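This report concerns only the one structure given below.
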Amino acid sequence: MEHLPSAETAEAAESHYFTQNPPPKNLKSNVTLAREFIDRHAEQGRRLVLVTSGGTTVPLETQTVRYIDNFSAGTRGATSAEYFLQEGYAVIFLHRQFSLLPYSRHYSHNTRSFLDFMKEENGRVVVDEQHQEEMLRVLRQYSVAKKENRLLILSFVTITEYLWELREVAKLMRPLGHKAMFYLAAAVSDFFVPQDRMVEHKIQSSEEFSQNTNRNGKTPAARTEGRSLIIDLEPVPKFLKQLVDGWAPEGMIVSFKLETDPSMLVKKAQYSLEKYAHHLVIGNLLMTRKWEVVFVSALEGEKWIRVPRNRRSRSVSGVEAWIGRAEAGKAENTVQPKAEAQDTQGEPIIEIESLIIPEIAEMHTKLIEQAQATKAQQKS
């Protein structure tokens, strides 16, 4: 069985990583924005959630031409951010640059151009009649979040940028205590090229022009050998434990586990929960992630959340026949919409995040109440 590193080892790994991999150029300005945002909502007593979204890249050169990317358009994160705002949270949205954003996601990364939603009328651009109602609804929700200043958008591209921003924002959120939440929906790289093993210039496709050493005299992690490209990656330190124990120890932490093998999903989610000792792991299968997830938590055990059959969105990559494969016949634990009618034919589709986020908000309330009760007992 894999053992967790000691606190000293984890701190040493953290120190080494952030010493060897310099911060992004915009970190200081982003920290300033985050501090002002967090302080404002802390004064108002509002709950605040950091939503991470999209995939991280692993650059292979200092002047990056080639890189390894992670599969994620940021759909889960962007959609979840909207529903957190509906639940009254202030949201820091830390996303991969150019991935989906809350509200604008409805009209970007679509098979249709956003211009198809518009037409010219008397020399002015107006929204086409068939899209008026839906676009007005989205605009009103966005306008409320903007007016109340409850949405702060920050971005990253590389794994190092992501980890620097996560750490700094988490430390700023520490004074919020149990009112802070971390919803870690980003697809984070497991491996990377350390700065001191990176070549400066573009990796050449021919060995005759390749760089056999970098500026430090070390063999580059990514290099040409003969006709082959050799990439020697190193594991990214597991910082979830540092987030749990050090950066924001009182905040509620939600992580995700994506699998392709139904038989492994719950086991891997349970293992992650025990390993990192946080609050909730949301497990999902690649083929059914838009229609079902499983909550694995110490507070409530295993709980499945599913969109009813007639309310499911279409998915090019999804396979509905896989729904329920990972559950092992525990249908009694399935969560469905509270106001669901028996006949849902013709009803609008349901985004699974609209079911996930209220459940998480309710769990957050329970955790806050438990913490308050514990403090009251300690004082008495």
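A quick note: this is a predicted structure, and the numbers were derived from the prediction, not measured.
Of the charged side-chain nitrogens involved, at least one lies within less than 4.0 Å of a carboxylate oxygen, so that Glu259 and Lys268 count as a salt-bridged pair. A salt bridge links Lys303 to Glu359: at least one charged side-chain nitrogen sits closer than 4.0 Å to a carboxylate oxygen. Between Glu121 and Arg124 there is no salt bridge, since no side-chain nitrogen of the basic residue lies less than 4.0 Å from a carboxylate oxygen of the acidic one. By the 4.0 Å N-to-carboxylate-O rule, Arg223 lies too far from Asp232 to be salt-bridged with it. Between Lys238 and Asp190 there is a salt bridge, with a side-chain nitrogen of the basic residue lying less than 4.0 Å from a carboxylate oxygen of the acidic one. By the 4.0 Å N-to-carboxylate-O rule, Glu320 lies too far from Lys290 to be salt-bridged with it. Remark: Arg105 engages Glu351 in a salt bridge, criterion side-chain N to carboxylate O under 4.0 Å.
With hydrogens and angles disregarded, a donor-acceptor distance shorter than 3.5 Å links the side chain of Thr32 to the backbone of Lys28. Not one N or O on the side chain of Asp128 forms a donor-acceptor pair closer than 3.5 Å with the backbone of Met118. In terms of modelled atom types and a separation under 3.5 Å, the side chain of Arg312 and the main chain of Ile349 share no donor-acceptor contact. A donor-acceptor contact shorter than 3.5 Å is absent between the side chain of His95 and the backbone of Gly54. A donor-acceptor distance shorter than 3.5 angstrom exists from the side chain of Arg96 to the backbone of Gly55, with no hydrogens or angles considered. In this structure, Arg174 contributes its side chain and Gly246 its backbone to a donor-acceptor pair below 3.5 Å. No donor-acceptor pair under 3.5 Å is formed between the side chain of Arg325 and the backbone N or O of Pro262. Of the possible donor and acceptor atoms, one in the side chain of His178 sits under 3.5 Å from a partner among the backbone N and O of Glu250. With Thr79 contributing its side chain and Arg76 its backbone, the two residues share no donor-acceptor pair below 3.5 Å. One N or O on the side chain of Thr52 and one on the backbone of Ala185 form a donor-acceptor pair closer than 3.5 Å.
Among the candidates Thr75, Asn284, Ile282, the single residue satisfying the side-chain contact (heavy atoms from CB on, under 4.5 Å) test with Arg289 is Asn284.
A donor-acceptor pair shorter than 3.5 Å can be found between the side chains of Asn30 and Glu165. When only modelled atom types and interatomic distance are considered, Glu14 and Trp247 share a side-chain donor-acceptor pair under 3.5 Å. No side-chain donor-acceptor contact under 3.5 Å links Tyr276 and Ser255. Remark: the Asp261 side chain and the Ser263 side chain contain an N/O donor-acceptor pair separated by less than 3.5 Å. Using modelled atom types, one finds a donor on one side chain and an acceptor on the other under 3.5 Å when comparing Glu82 with His106. A side-chain N or O of Ser189 and one of Thr56 form a donor-acceptor pair less than 3.5 Å apart. Tyr17 and Thr160 share a side-chain donor-acceptor pair at under 3.5 Å. Side-chain polar atoms of Tyr89 and His41 form no donor-acceptor pair below 3.5 angstrom.
Residue Ala78 comes nearest to Leu101 through the heavy atom pair CB-C, 3.8 Å, listed as atom of the first residue, atom of the second, then distance. Closest non-hydrogen pair, His364 versus Met181, comes out as ND1-CE, 3.4 Å. When all heavy atoms of Leu85 and Ala145 are compared, the pair lying nearest together is CD1-CB, 4.1 Å. Across every non-hydrogen atom of Leu265 and Ala326, the tightest pair is CD2-CB, 4.0 Å. Summarising the geometry of Leu273 relative to His278, their closest heavy-atom pair is CD1-O, 3.5 Å, with the distance given to 0.1 Å. Listed here is the closest heavy atom pair of Pro59 and Thr158: CG-CG2, 3.5 Å.
Residue Lys267 places its NZ atom among 12 or fewer non-hydrogen atoms of other residues, nucleotides or ligands, all under 6.0 Å distant. The environment of NZ in Lys375 is sparse: at most 12 heavy-atom neighbours from other residues, nucleotides or ligands sit within 6.0 Å. For Glu133, the CD atom is loosely surrounded, since the number of other residues' heavy atoms within 6.0 Å does not exceed 12.
Contact check for Tyr183 versus Leu50: no side-chain heavy atoms found under the 4.5 Å cut-off. Within the 4.5 Å cutoff, side-chain heavy atoms of Lys119 are placed close to those of Val126. Residues Phe191 and Glu234 are not in side-chain contact: their nearest non-hydrogen atoms beyond the backbone lie 4.5 Å or more apart. Under the 4.5 Å side-chain criterion, counting only non-hydrogen atoms from C-beta, Val244 is not in contact with Gln242. Ile230 is not listed as a side-chain neighbour of Thr224, based on a closest heavy-atom distance of 4.5 Å or more. Val91 places none of its side-chain heavy atoms less than 4.5 Å from the side chain of Leu152. By the 4.5 Å heavy-atom criterion applied to side chains, Asn149 and Phe37 are counted as neighbours. With a 4.5 Å cut-off on side-chain heavy atoms, Ser29 and Val31 do not count as touching.
With sequence neighbours excluded, the residues forming a side-chain contact (heavy atoms from CB on, under 4.5 Å) with Thr365 are Arg47, Glu369, listed by chain and number.
Under a hydrophobic-cluster definition in which Ile, Leu, Val, Met, Phe, Trp and Tyr are linked whenever side-chain heavy atoms come within less than 4.5 Å, directly or via other members, Tyr67 and Val236 are assigned to different clusters. The hydrophobic clustering, which links ILVMFWY residues whose side-chain heavy atoms are closer than 4.5 Å, places Ile68 and Met198 together. Note: the hydrophobic cluster containing Leu172 also contains Leu33 (ILVMFWY, side chain heavy atoms under 4.5 Å, direct or indirect links). Phe93 and Val157 fall into different hydrophobic clusters, where Ile, Leu, Val, Met, Phe, Trp and Tyr are joined by side-chain heavy atoms under 4.5 Å apart, directly or via other members. No chain of hydrophobic side-chain contacts below 4.5 Å, direct or via other Ile, Leu, Val, Met, Phe, Trp or Tyr residues, connects Leu258 to Leu100.
Annotation: the span from Leu48 atom CG to Ile92 atom CD1 amounts to 5.0 Å, rounded to 0.5 Å. In this structure, CZ on Arg311 lies 9.5 Å from CG on Leu355, to the nearest 0.5 angstrom. In this structure, OH in Tyr103 is found 9.5 Å from CZ in Arg137, a value given to the nearest 0.5 Å. With rounding to the nearest 0.5 angstrom, the CG atom of Leu139 is 6.5 Å from the CG atom of Leu136.
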### Query
Under the side-chain contact (heavy atoms from CB on, under 4.5 Å) criterion, do Glu302 and Val294 qualify, and how do the steps go?
CA-CA 7 Å; Glu302 179 185 332; Val294 60; 3.6 Å; yes

### Query
Given Ile203 and Leu60, is the side-chain contact (heavy atoms from CB on, under 4.5 Å) satisfied, shown in steps?
CA-CA 8 Å; Ile203 300 168; Leu60 301 181; 3.9 Å; yes

### Message
Run Trp322 and Leu286 through side-chain contact (heavy atoms from CB on, under 4.5 Å) and show every step you take.
### Response
CA-CA 10 Å; Trp322 280 51; Leu286 180 65; over 6 Å; no

### Query
Does the pair Glu327 and Glu292 meet the rule for a side-chain contact (heavy atoms from CB on, under 4.5 Å), with working shown?
CA-CA 10 Å; Glu327 190 182 8; Glu292 68 171 0; 5.7 Å; no

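For Phe18 and Phe239, the ring centers sit closer than 6.0 Å to each other. Taking the centre of each ring, Tyr107 and Phe114 stay at or above the 6.0 Å mark.
The hydrophobic cluster containing Trp291 also includes Ile323, under a criterion of side-chain heavy atoms closer than 4.5 Å among ILVMFWY residues, counted directly or through chains of members.
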